Each structure stands twice: as structure tokens, then as C-alpha cells.
Number of protein chains: 2
Amino acid sequence: MTGYLHSSRILVALDCIIFGFDGEALKLLLIKRNFEPEFGNWSLMGGFLNADEDLHDAATRILFTLTGLQNNYLEQLQTFGAVNRDPVERTISVVYYSLVNINDQDPLALKAHNASWIDLDSKPQLIFDHDQMVEAALRQLRYKAALYPIGFELLPEKFTVPQLQKLYEAIYNVKLDRRNFSRKIMATELLLGTGEKDATSVTKKGQLFKLNKEKYHDYLNGYQSFLPEFTELSLT
Amino acid sequence: MTGYLHSSRILVALDCIIFGFDGEALKLLLIKRNFEPEFGNWSLMGGFLNADEDLHDAATRILFTLTGLQNNYLEQLQTFGAVNRDPVERTISVVYYSLVNINDQDPLALKAHNASWIDLDSKPQLIFDHDQMVEAALRQLRYKAALYPIGFELLPEKFTVPQLQKLYEAIYNVKLDRRNFSRKIMATELLLGTGEKDATSVTKKGQLFKLNKEKYHDYLNGYQSFLPEFTELSLT
DNA sequence: TAAAATTGTGTATGTTTGACACATAAATAG
DNA sequence: CTATTTATGTGTCAAACATACACAATTTTA
């Protein structure tokens, strides 16, 4: 029934949950607001939809503005539309979440927006309904990462199996068995050995792998499912 | 960054995908439009968000208007926001999907809106991007019904195990083994026997069950997962 | 009254998960 | 430089689960 003339045109915002991983914990890129409203409080990065702009393009723009990155994993999450969610003016917010490699971002852009990476565990209270948005994003990340190998989006191009394991442990907040995890991952054929060894880590032993792009896209397109057992984990 | 004054206020529509089940096939409640634009073509039921109305309330209102039903399963799916998706005016559409018992609706409301139940398999082409919406809704239904027992929302209060099986076969477009399905379902403890037998079906033998509401809510809240093996099915 | 169809329960097999042992290589402490 | 500690890579085994298939009982249909 779209297409009627109608009087209620409404402000459409976008907010973006940006996930990163530093090798130990899941992190969020948050903004300490140096502008009104809610000056001094923490929030997600956001912006408004322009009249001549696709929704997804707007999310891409907002992400680029903050991180300097353009080709990240970016997926629409949900739209928040309670009447009083923004006290200033009725605004609905289309929420996206993004997975980025924490090393790739533009530090100047971050500084300019007063943004910093915060451990998910020690997240401050956010403005408006942004806490609910983060909660929903984490749920979605957990679901999605169980069926599709999107976790790799959070890692650098080359990584070790234990690094990958730590990532999944951080996402699902569980301890996994090294041996079983390794076997499982290797069986997916998603990892290509590079022959190199990890030089950055404290312990130098891990073999560096990179992603098998072809297999990766097969999994993304759903021809096979990734680690379905994680779908059963209680998501506390 | 919500809260700025900003000039781009945009028309916000809602469209609703309504799933039903007639014992054999999954069905959609669709509208043959007797109004402009796109007069004579098929579309989803939709409407516009009022300025003083929560998003979810608006979806509930639209569903009620068409079906006369108020307490159905109703979940937000995704927001569609391509610039030219609606040729009349820039409109973003927040899409909801709903699961209803096909016997419970108000026939007068359906008539008044020129709506009818159409087999998913023989769906006509819909206006604008509504075909994409239906596709996304089916994907979501398949995902959700694998982890949560929301399929029951499509059945009458009392039903037989074979009826339930047919529903899952329709949702996932597969053939399931009677014996294994029955065992699996009984193990969930979601079914309470009523002692009665099915009088309506051609074959009168099936025992009628009803839903164990308590267990049902446990599953919905994610304390256990339902039939996770379906998450692995190829969703063609 | 017999045959066909549908429902309910049982059993066997192959696969996968999850728990744990051992060997090897690298880093660290003395 | 050597021994100890730490982290990584591969292997085995039992329990749980999915899958395939057999048979009995009841109702419908011919």
C-alpha cells in the first residue's frame, strides 16, 4: 500500500554497531559525544538518511566517515521505532552492524570523532536505546557466525588457528577445546596455509593461514553450513 | 548521532508478509489492489507509520485491519530503502512478517481489502520490491522455525503429529521420515495429548495434541534449541 | 470381509560431538 | 646453553544424534 500521499514524513536515522577484535576480547567502536544532544555521553556512530541515498549506501557512508574503511562486512540489523526513543524529535533508526579488522582503520578519523574501541564487557551505558541495539547486534552476530564464517572479517589477513579460536571464544563467551576446534576448522577447508609463522605474537609457533576466498563465498551463499553446533549455545 | 535537526524527513511505510498453512502448503495473504497506484496488481498488505505510533504498534494495526486478529506472532524482518523502490515518492518500508492460523481470520475484513490466500508456490509477481520481501521472509521463517518452535503459530489449537510434520515439510520443502520426526517432537515435551482424535481429517486416526505453553515459552526464550538440524538444510 | 492407507513404536548403523593423551616445537628462566 | 614451561599439532575413544528401515495396530475403502 506504499505510494499514497501522506502527511507523516519522519526523520530517518542510521546507527552503526562496529565490532572489532584485538586478539583477546570483542570490542565496540563507540563515540564519546562532543556535540549536542547528550554531550559527554557515549553513543553509537550514527547519521541521517539523505533523500537521494539508498539505505545501505548511507550505512556505508557513516562507517566510512568514522573508520576510513569501505569494504567491510556490513549488514542491516533492525529498525528501532518507539515514539519516544529520541527525546528531541520523533526519529526512527535503522541499525546496521559491521565487522572490521581493528588494525585497518584510520586513526585520524577516529580522533576526529572522539571514538575509541571499548571492550564489550566494559561497555559504558549508551544514550537512548543504543544499549538495546548493541544487545540485538551481539545476538545476531552469534547466530550468523554459527552458520556462516563471517568471523574472519574480524581478523587480519593472516592469522593462526589459536587466534581464530580465541575469536570464537570471545563471540560465544565459552571455552573451546583446542584439538576439536582445530580439527573442525581444518575440515571446512577454509584455511590456506601460507608456510609463514606468526612473528607478532609472544609465542612464535602458530602457523599463519589465510582465508580460502572461494570456499568462503560458498559458505556465505549457504551451500554448506559452518559450525551449526554453536546455534545451540545459550546466548547469555 | 540522532537528535540533530535535519531537513530530510522521509515517508515511512510498513509492509506485512502474512503466512498461513492449510494443512498442505504454505500460503501468503496477498492483496489484489483495487486502488492506485498499481491498480489491479498484487501486493503485500501495507500502510504508513503515524507520527505518534510505535513501529511495532503500526504493524499490529495493519495486521488487525486485514485479518481482524490481534495476538499473532509478529516479527520485524528488515527495512527496504532503495531510493527508487517506490516510483511515486521516496519511501522506506519496514517489513514485518506474521504467522497466523488460517482458520481464525475475519472473512469480511479479507473481502473488504480484496485479499486472498495464495500458495507460496503459485505466488503471482508482486509490485515494487515485494517479491524480495517475501523471499527474505521465507528465509527468516526457515531460520527461526529451526531454532524456535514458532511453527505452532500456524496450526489450530489442536493438531496431530502428522499435521505438524506436513507443516515442517512445507516450510523446508523436504520429505521427512515419519518415525524420526515423531520421536524428535515427542522428546521436546512440547505436545500435550488431549485424548481426542482428529474428526475433521479424511483419515480419522491421528491423536490430537495441544501445545505445552510453558515448555513453548522456555523454547522461545532460548533455554533450549528446537530442531537445530534444520539450520543445515539448503534453503532453496 | 479383505486390502490399502495411516499412525504408533522399535531397532540398527554411520556420523559427529566432546573429552582426553601424547608428541613436538618454541620461548623463557636459570 | 640447558631445562622447564608454554603453546601447537595430531590421535583415540565413548556417548549422543541423525538416518534408514521393520513391524504392529487401527481406520478407511473397496
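Throughout, a chain's letter reflects where its sequence line sits, starting with A, and its residues are numbered from 1. Fair warning: this is a prediction, and the values are worked out from it, not measured in the lab.
- Of all non-hydrogen atoms in B/Pro156 and B/Asn101, the two that sit nearest each other are CA-ND2, 3.2 Å.
- The CD1-C1' distance, from B/Ile185 to C/dT7, rounds to 16 Å in whole Å.
- Scanning atom types as modelled, no donor and acceptor separated by under 3.5 angstrom connect the side chain of B/Arg183 and the base of C/dG10.
- In this structure, the CD atom of A/Gln165 is 13 Å from the C1' atom of C/dG18, given to the nearest Å.
- Atom CG of A/Leu208 and atom P of D/dG9 are 10 Å apart (whole Å).
- Counted by atom type alone, A/Glu189 and A/Tyr219 present zero donor-acceptor pairs between their side chains at under 3.5 Å.
- Applying the side chain to side chain contact (heavy atoms under 4.5 Å, CB included) test to A/Gln78 and every residue at least two apart in sequence or in another chain returns A/Phe80, A/Ala136, B/Gln76.
- Rounded to whole angstrom, the span from the CG atom of B/Leu176 across to the P atom of D/dA20 amounts to 11 Å.
- Atom C1' of nucleotide D/dA25 and atom CZ of B/Arg179 are separated by 15 Å, given to the nearest angstrom.
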Taking only nitrogen or oxygen atoms into account, show me every contact under 3.5 Å that the protein makes with nucleotides 4-6 of chain D, one pair per line with its distance.
none

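- Atom CG in B/Asp177 sits roughly 13 Å away from atom C1' in C/dT11 (whole-Å rounding).
- Candidate nucleotides C/dG8, D/dC17, D/dG9 were compared by shortest atom distance to the side chain of B/Pro162, and C/dG8 ranks first.
- One finds a salt bridge joining B/Lys123 and B/Asp131 here, because a Lys/Arg side-chain nitrogen approaches an Asp/Glu carboxylate oxygen to under 4.0 Å.
- Between the CG atom of B/Asn180 and the P atom of D/dA18 there is a distance of 9 Å, given to the nearest Å.
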Intermediate values then yes/no, side-chain contact (heavy atoms from CB on, under 4.5 Å), A/Leu154 and A/Leu26: CA-CA 9 Å; A/Leu154 290 162; A/Leu26 261 190; 4.2 Å; yes

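- Taking atom OH of residue B/Tyr172 and atom C1' of nucleotide D/dA18, one finds them 16 Å apart after rounding to whole Å.
- Atom CG of A/Asn71 has 12 or fewer heavy atoms from other residues, nucleotides or ligands within 6.0 Å.
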